[in-house]
Visitor: 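Supplied in structure tokens, the structure appears directly below.
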Amino acid sequence: MKILFSPNDKLINKTQSEKWGVDEIVLPSEIDDYKLPEEKNFILFIPTILNEDLALNYEGVEIALSLYCQLLRRNTTISAKIVLLGIESVSSFMLKCKYPKIIRCSGFDYRILNIHSVSQYKEEPEPINTETALKHLKEIGLTLPESYKTNHSFVNEWSYYVWSEYMNYDNTDVKNVFKNNIYFDYLQTLYRNQKTKNITEEQANKIGQLKGTVLLIDDSKYWHCFFEKFFRDTNVRFEHIGSDFKHHNTKEILQTCIEKIKESKPDIILLDFRLNEDRDYDVKNFADISGVKVLKALKGKQKNDPSLQHNMMGARVIMFTATGKIKNVLKLKEHGADGFVFKEHPEKYFGKTTTHENIKSMIGTLGRMLECAFIAKPICEHLGKWEEVVITAKTDDRVTDRIKHVCSIVRRLSQGDFLTETDLKLLYLECYSVLEAFKEGNENIDHVIKKIIVNDNFNVDIRLLWDNINKVRTALAHGDNKVELTSPKRVYNSSEEKILSEWLLKLCMFVSETLKVHFAKSKD
């Protein structure tokens, strides 16, 4: 079967198939929706120039490459020939065309565009070896567009495409966006021939066990859709914002995020690195990138504008990004990022990492972060209360200095996944040091304790609580492996980490009540 693409329906129209010696003629208006024939043997004649106004673009070459990729994605071996029809010699074409190595690809040929070249073409379709064809295809030199805006969108949409394929989600929406995109056809072809896995039963079970609240802050509707499907069969309450960020400046974006965080009180915040594609395009300074500014504000590190400093109620902030630069990752950690979920960058994808590994890593990160949220959130909430009491009291003493120091240390220690026994011990000792500051000052802590209104969360006698808090501190300070506690209402038979976590929270609540009494007295 012979098929000829017409560069102009006035030059070559549907009625001239016999004249050109072909079985079918494809008009310019039909090219965008053209699908390869089902036959296993065919020849395609494609002019290198399909639009006279864009002659130097060699649009026909890109059409040929897209169809070649379609051909390689078929599951059966096909004998075919793609004949490029040019208006110049082969050497001239290879000198001017953006993809001159296309001529070396298996199944390609080149002829001058005229009736004789097409009607008298004698070469037969040849079997195309997929492995050899892919090798040649990679050598052609197809690359991502240089424009940042296009590049950024493409990375988002490509990651969404391959992750959706892996998870067996419908991704027709992004396929429609990429329709007739040569670089997507190229990546899709490589992915199709390298993909060997879909989500495993083990991974699906781990996703099903996730529990908590997740907030996605991202300007891409595709990721909103992906994570809605990802969390739909879990005990995760999922929310998202960000579809209209391109219409807001960074301060407006931040305010929107703060309001949403206060409303949803998430355990995890998945934060996109670049929230405003249009504005971030011109940003020169790393610290001025929209996602970085939001991160710094949420972690209380936005020094330029004190009104934007917020403690986001202990939520873990996971950066959702395609950046692979180690300096960017280190800076994000410095600004308080608790973890990372990396999107797949097309240029770095093949042969270096896999969707399987990335999804597995993401599931692990989400699981660990949600697991430690039950202690991370209340600890950070108490730190905020301590600082608020200090600010309200407007006084300086040993306790005030200790609180500022402890809050800084604890936040740094608790960054990321910290549910290890060692880290919990360090956190406990640091928080306890606030109480030790009373001993260093003029006030006896016993006087403060007597005035504490027992918090309902304690459910124990205040004196017994204080004794146990001291016992835990003494045991940890002396390196005891086990902490023996007196509790009239509970037998502790859980893990050491579980016990430490519970007593760390009780210690934080105890410190909160102690500080209220202490600074209330100072205020009086």
Visitor: Ignoring hydrogens, what is the shortest heavy-atom contact between H335 and F286? Give both atom names and the distance.
Guide: CD2-CE2, 4.0 Å
Visitor: Is there a side-chain contact between F93 and L95 in this structure, where contact means two heavy atoms from C-beta onward sitting under 4.5 Å apart?
Guide: no
Visitor: Flag the pair E371 and K206 as a salt bridge only when some basic side-chain nitrogen lies within less than 4.0 angstrom of an acidic carboxylate oxygen.
Guide: no
Visitor: So, the side chain of S361 versus the backbone of N358: is there a donor-acceptor pair under 3.5 Å, distance only?
Guide: no
Visitor: From the options I409, L504, L426, select the one residue that forms a side chain to side chain contact (heavy atoms under 4.5 Å, CB included) with C431.
Guide: L504
Visitor: Would you say the side chain of L270 lies within less than 4.5 Å of the side chain of I217, judging by non-hydrogen atoms?
Guide: no
Visitor: F320 and ring pair (Phe, Tyr, Trp, His ring centres under 6.0 Å): which single residue from F273, F342, F340, F227 fits?
Guide: F227
Visitor: Could you check whether Y166 and Q203, counting side-chain N and O atoms only, form a donor-acceptor pair closer than 3.5 Å?
Guide: yes
Visitor: Hey, does the side chain of R73 reach the backbone of D185 with a donor-acceptor pair shorter than 3.5 angstrom?
Guide: yes
Visitor: How many angstroms lie between CG in D170 and OG in S164, if you round to the nearest 0.5 Å?
Guide: 8.5 Å
Visitor: Dump the intermediate steps for side chain to side chain donor-acceptor pair (under 3.5 Å) on H248 and Q255, then the final yes or no.
Guide: CA-CA 10 Å; H248 298 97; Q255 190 58 43; over 6 Å; no
Visitor: For side-chain contact (heavy atoms from CB on, under 4.5 Å), just list the numbers for T200 and H356, CA-CA rounded to whole Å, side-chain angles, deciding distance to a tenth of an Å, and then say yes or no.
Guide: CA-CA 9 Å; T200 64; H356 171 77; 4.0 Å; yes
Visitor: Less than 4.0 Å between a side-chain N and a carboxylate O, is that true for D33 and K179?
Guide: yes
Visitor: Looking at every heavy atom in both M319 and G291, which two are closest together, and how far apart are they?
Guide: CE-O, 4.4 Å
Visitor: Quick one: does S290's side chain have a donor or acceptor within less than 3.5 Å of a partner on L275's backbone?
Guide: yes
Visitor: Per the ring pair (Phe, Tyr, Trp, His ring centres under 6.0 Å) rule, which among Y161, Y222, F178, Y160 passes with F154?
Guide: F178
Visitor: Roughly how far, to the nearest 0.5 Å, is the OG atom of S512 from the CD atom of E388?
Guide: 10.5 Å
Visitor: How far apart are the closest heavy atoms of A376 and R316, and which atoms are they?
Guide: CB-NH1, 3.5 Å
Visitor: Considering only NZ, NE, NH1 and NH2 on the basic side and carboxylate oxygens on the acidic side, decide whether K506 and E502 come within less than 4.0 Å.
Guide: no
Visitor: What heavy-atom pair brings L210 and G367 nearest, and what distance separates the two atoms?
Guide: CD2-CA, 3.6 Å
Visitor: Are side-chain heavy atoms of N205 and E201 found at a separation under 4.5 Å?
Guide: yes
Visitor: Please check if the number of heavy atoms outside K229 that lie under 6.0 Å from its NZ is greater than 12.
Guide: yes
Visitor: Any salt bridge linking E357 with K360? Criterion: basic side-chain nitrogen under 4.0 Å from a carboxylate oxygen.
Guide: no
Visitor: Between the side chain of N171 and the main-chain N/O of V174, is any donor-acceptor distance below 3.5 Å?
Guide: no
Visitor: Run through K333, R368, K299 and flag the one making a salt bridge (Lys or Arg N to Asp or Glu O under 4.0 Å) with D338.
Guide: K299
Visitor: Any chance you could measure L85, atom CG, to I46, atom CD1, to the nearest 0.5 Å?
Guide: 8.5 Å
Visitor: Quick check against the 3.5 Å criterion: does S159 have a side-chain atom that pairs as donor or acceptor with the backbone of K343?
Guide: no
Visitor: In terms of side-chain geometry, is the basic nitrogen of D267 or R237 positioned less than 4.0 Å from the acidic oxygen of its partner?
Guide: no
Visitor: Test ring-ring contact (aromatic ring centres under 6.0 Å, His included) on W223 and W163; report intermediate values, then the result.
Guide: CA-CA 10 Å; W223 290 118; W163 285 19; 5.3 Å; yes
Visitor: Check whether H240 reaches the backbone of E228 with its side chain - one donor and one acceptor, N or O, closer than 3.5 Å.
Guide: no
Visitor: Apply ring-ring contact (aromatic ring centres under 6.0 Å, His included) to the pair F238 and F230, showing each step before the final yes or no.
Guide: CA-CA 10 Å; F238 173 69; F230 186 86; 9.2 Å; no
Visitor: Would you mind reporting whether E157 and F184 have side-chain heavy atoms less than 4.5 Å apart?
Guide: no
Visitor: Any salt bridge linking K385 with E381? Criterion: basic side-chain nitrogen under 4.0 Å from a carboxylate oxygen.
Guide: no
Visitor: Show your reasoning for whether side-chain contact (heavy atoms from CB on, under 4.5 Å) applies to V26 and S6.
Guide: CA-CA 6 Å; V26 180; S6 171; over 6 Å; no
Visitor: Are the side chain of E30 and the backbone N or O of L27 linked by a donor-acceptor pair below 3.5 Å?
Guide: yes
Visitor: Grab the two heavy atoms, one from F245 and one from C257, that are nearest each other, plus how far apart they are.
Guide: CZ-SG, 4.2 Å
Visitor: Taking E59's backbone N and O only, do any of them form a donor-acceptor pair with N57's side chain (distance below 3.5 Å, no angle check)?
Guide: no
Visitor: Does the side chain of I140 reach to within under 4.5 Å of the side chain of L65, using non-hydrogen atoms?
Guide: yes
Visitor: Apply side-chain contact (heavy atoms from CB on, under 4.5 Å) to I43 and I3, showing your working.
Guide: CA-CA 6 Å; I43 298 175; I3 303 162; over 6 Å; no
Visitor: So, do L134 and L190 sit near enough that their side-chain heavy atoms are less than 4.5 Å apart?
Guide: yes
Visitor: Is it the case that atom CD in E126 sees more than 12 heavy atoms from other parts of the structure closer than 6.0 Å?
Guide: yes
Visitor: Is there side-chain contact between Y68 and I128, with at least one heavy-atom pair below 4.5 Å?
Guide: yes
Visitor: With rounding to the nearest 0.5 Å, note down the distance linking CG in L215 to NZ in K265.
Guide: 14.0 Å
Visitor: So, does Q415 use its side chain to make a donor-acceptor pair with the main chain of A337 at under 3.5 Å?
Guide: yes
Visitor: For the aromatic rings, using the six-membered ring if either is Trp, is the centroid distance between Y169 and F226 under 6.0 Å?
Guide: yes
Visitor: Is the backbone of E165 close enough, under 3.5 Å, to the side chain of N198 for a donor and an acceptor to pair up by distance?
Guide: yes
Visitor: Looking only at non-hydrogen atoms, find the nearest pair between G336 and L295 and report the distance.
Guide: C-CD1, 4.2 Å
Visitor: Quick one: does F108's side chain get under 4.5 Å of I103's, heavy atoms only?
Guide: no
Visitor: How long is the straight-line distance from CG of N328 back to CD1 of I289, given to the nearest 0.5 Å?
Guide: 6.5 Å
Visitor: Decide yes or no on salt bridge (Lys or Arg N to Asp or Glu O under 4.0 Å) for R411 and E387, but give the supporting numbers first.
Guide: CA-CA 13 Å; R411 285 199 174 98; E387 292 170 324; 2.9 Å; yes
Visitor: Could you tell me the separation between the CG atom of L71 and the OG atom of S66, rounded to the nearest 0.5 Å?
Guide: 12.5 Å
Visitor: So V236 and L370, side-chain contact (heavy atoms from CB on, under 4.5 Å) or not? Walk me through it.
Guide: CA-CA 9 Å; V236 170; L370 286 169; 4.2 Å; yes
